[in-house]
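Read through the structure below, which is laid out as structure tokens, and then see the notes.
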Amino acid sequence: MNHQETARNRLISGEAWDDFCDTLKIAGAHIRSFDGPLSDLDRAEWYRFMTRLARSSMERLIENAEPTRPRLRDMVWRQSINVQTVDQDHLMCQFDEARDYRITGTRGTMPYFVMAVLTCPAPATPGAENWAKAGLGGLAQFDPSNLKTTGFLASQQIHVADDGNFEVILSQNDPGPGRNWLKLTPQTNCILIRLTWRDRATDVAPAMTIARMDHAMPVPITPVLMADGLAWTAQAVLGYAELVRNWWQGNQGNFAARLNRLDYSLAQYLSNGGVPDRHVAFGGWEKRLDEALVLEFIPPPCEYWNFQLCNIWQENLDTFEDGNGWINTSRHHAEPDGRVRVIIAERDPGIGGNWISSYGHERGIWGLRLVQTHQIAPVNVWRLPAADLATAQFDPAEAVLTGQFVD
């Protein structure tokens, strides 16, 4: 029996569904592998994170993974992975194989966007196998969270016609001179387009559609496609569950062991679909609810920068919907000498700078993103009682100096 027939039979018998549910159960229980303190808030957000991962993965890997109906769709509401800035929208399209595709669109007024093609380890017919039985060990063979960028095209590199329209060809072979081309590898199985907003009230985003260049007619869903989609979805949830653990206390970050630092690491950033046109510093933060963290840095010249506060699970705090939780190129206060001061505390101390609410959290991950620049920004960090903020001098000699390359 070939893999296609096996996948069909597993779907029809219900075995593929049982495997899907069992894998989600394993992912949810992965919180037990975390060492160190976890508050009730951390735990509540973990299980909400699991539901968000499941919802987002179903959208990306089932609803928008039909081979004959490619679509560019944004990630679902309130889902954020890998310290995703709220200033970016992420359009994604999943491929069953590296066919030839055409993206057509209008440029809009958004200052910057970037297209990246990605690959992750995956078998040809994942619906033919039992992944729950393999557990975390199965991620070595099949991990939708382990995205690697194989090529990218920034908006400044795209030729746009006088009427504002453009076309980008996605293919393994060069389409010829004068064409916007994003090269695919035989293993390419995803495109991710990051749209970076300066001002959502005034910027006009590019409008883009994707289509197969062989003009294949849409066909109905099949048992094999559904079995594969269930496997992709469950493994994505499991993969991201392990990814956040690995960043917090594993060999991919181990932020819990070196808290209240921001370190630039290309390997860290590129480990999950990053684009190498920027520098990003990640780190873990920790303070008591009656304490504050203060950071100072001078952003270098760049297309865009942002600083954001996240929970352990790499999600933006819920305050982002209220306009808090992050600052960026166009929404921040700077000192006369260009220094940006960030004050992380439960309440606004009223001393100026840029207050970010810790919103009941005692620990998490933070990130400083500098897009399209070769420079980095060193960061001074102070930890002090929140009651002392009004009289603190913030002497650089008493700060922890961070913001260096670690690889």
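Positions are given from 1 along the sequence.
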Is the count of non-hydrogen atoms from other residues, nucleotides or ligands lying under 6.0 Å from [X] atom [atom1] greater than 12?
| X | atom1 | value |
| --- | --- | --- |
| His374 | NE2 | no |
| Arg200 | CZ | yes |
| Asn2 | CG | yes |
| Asp162 | CG | no |

**OP:** Using the ring-ring contact (aromatic ring centres under 6.0 Å, His included) rule, take Trp366 and Phe255 through it: C-alpha gap first, then chi angles, then the decisive distance, then the call.
**Re:** CA-CA 10 Å; Trp366 53 18; Phe255 295 144; over 10 Å; no
Rounded distance (nearest 0.5 Å) linking atom [atom1] of [X] with atom [atom2] of [Y]:
| X | Y | atom1 | atom2 | value |
| --- | --- | --- | --- | --- |
| Asn316 | Ser80 | CG | OG | 4.5 Å |
| Gln94 | Ser57 | CD | OG | 10.0 Å |
| Thr319 | Asn324 | OG1 | CG | 4.5 Å |
| Ile191 | Leu182 | CD1 | CG | 5.5 Å |
| Glu15 | Asp22 | CD | CG | 10.5 Å |
| Ile298 | Gln375 | CD1 | CD | 11.5 Å |

**OP:** Applying side chain to side chain donor-acceptor pair (under 3.5 Å), run through Ser358 and Glu346 and close with a yes or a no.
**Re:** CA-CA 5 Å; Ser358 46; Glu346 282 293 286; 2.5 Å; yes
[X] side-chain N/O to [Y] backbone N/O, donor-acceptor pair under 3.5 Å:
| X | Y | value |
| --- | --- | --- |
| Thr373 | Pro301 | yes |
| Asn246 | Glu242 | no |
| Arg43 | Ile31 | no |
| Trp17 | Ala227 | no |
| Asn180 | Ile158 | no |
| Ser56 | Leu53 | no |
| Glu45 | Asp42 | no |
| Thr402 | Leu262 | yes |
| Thr119 | Gln187 | yes |
| Asp74 | His90 | yes |

May I ask you to check whether [X] and [Y] place their ring centers less than 6.0 Å from one another?
| X | Y | answer |
| --- | --- | --- |
| Trp197 | Phe113 | no |
| Tyr269 | His279 | no |
| Phe282 | Tyr264 | no |
| Trp232 | Phe142 | yes |

For a quick test of reading the model, state the closest non-hydrogen atom pair linking [X] to [Y] and the distance between them.
| X | Y | answer |
| --- | --- | --- |
| Ser171 | Pro175 | OG-CD, 4.3 Å |
| Leu370 | Ile376 | CD1-CA, 3.8 Å |
| Pro111 | Asp203 | CD-OD2, 3.9 Å |
| Arg60 | Pro144 | NH2-O, 3.7 Å |
| Trp355 | Pro349 | CD1-CD, 3.9 Å |
| Ala334 | Val340 | CB-CG2, 4.3 Å |

Got [X] and [Y] here, is their nearest side-chain heavy-atom distance under 4.5 Å?
| X | Y | answer |
| --- | --- | --- |
| Tyr240 | Gln314 | no |
| Leu295 | Ile344 | yes |
| Ile62 | Met226 | yes |
| Val406 | Ser265 | yes |
| Asn380 | Val400 | no |
| Leu170 | Phe95 | yes |
| Leu41 | Tyr359 | no |
| Val224 | Leu11 | no |

Original post:
Checking salt bridge (Lys or Arg N to Asp or Glu O under 4.0 Å) for the pair Arg341/Glu335: CA distance, chi angles, key distance, verdict?
Top reply: CA-CA 8 Å; Arg341 177 178 292 173; Glu335 304 302 316; 5.2 Å; no
Subject >> Asn254/Gln249 under side chain to side chain donor-acceptor pair (under 3.5 Å): CA gap, chis, key distance, verdict >> reply: CA-CA 4 Å; Asn254 201 19; Gln249 61 181 44; over 6 Å; no
Thinking salt bridges, do [X] and [Y] make one under a 4.0 Å N-O criterion?
| X | Y | answer |
| --- | --- | --- |
| Arg10 | Glu129 | no |
| Arg55 | Glu63 | no |
| Glu291 | Arg383 | yes |
| Arg71 | Glu66 | yes |
| Lys183 | Asp174 | no |

**OP:** Would you check, one step at a time, whether the test side chain to side chain contact (heavy atoms under 4.5 Å, CB included) holds for Leu118 with Thr150?
**Re:** CA-CA 6 Å; Leu118 314 167; Thr150 60; over 6 Å; no
**OP:** Show the numbers, then the answer: is there a side chain to side chain contact (heavy atoms under 4.5 Å, CB included) between Gln308 and Thr85?
**Re:** CA-CA 7 Å; Gln308 65 195 102; Thr85 172; 3.6 Å; yes
Subject >> Derivation of the ring-ring contact (aromatic ring centres under 6.0 Å, His included) call for His332 and Trp305 >> reply: CA-CA 11 Å; His332 73 279; Trp305 66 262; 4.8 Å; yes
**OP:** Mind running side chain to side chain contact (heavy atoms under 4.5 Å, CB included) on Glu362 and Glu286 for me, showing each step along the way?
**Re:** CA-CA 6 Å; Glu362 297 176 285; Glu286 183 178 65; 5.5 Å; no
Subject >> Working for side chain to side chain contact (heavy atoms under 4.5 Å, CB included), residues Phe307 and Asn354 >> reply: CA-CA 11 Å; Phe307 172 84; Asn354 302 274; over 6 Å; no
**OP:** Hey, can you tell me if Phe34 and Trp313 have their rings parallel, tilted or perpendicular (30° and 60° cut-offs)?
**Re:** perpendicular
Original post:
By side-chain hydrogen bond (donor to acceptor under 3.5 Å, both in side chains), which residues pair with Asp87, not counting sequence neighbours?
Top reply: Tyr304, Trp326, Asn328
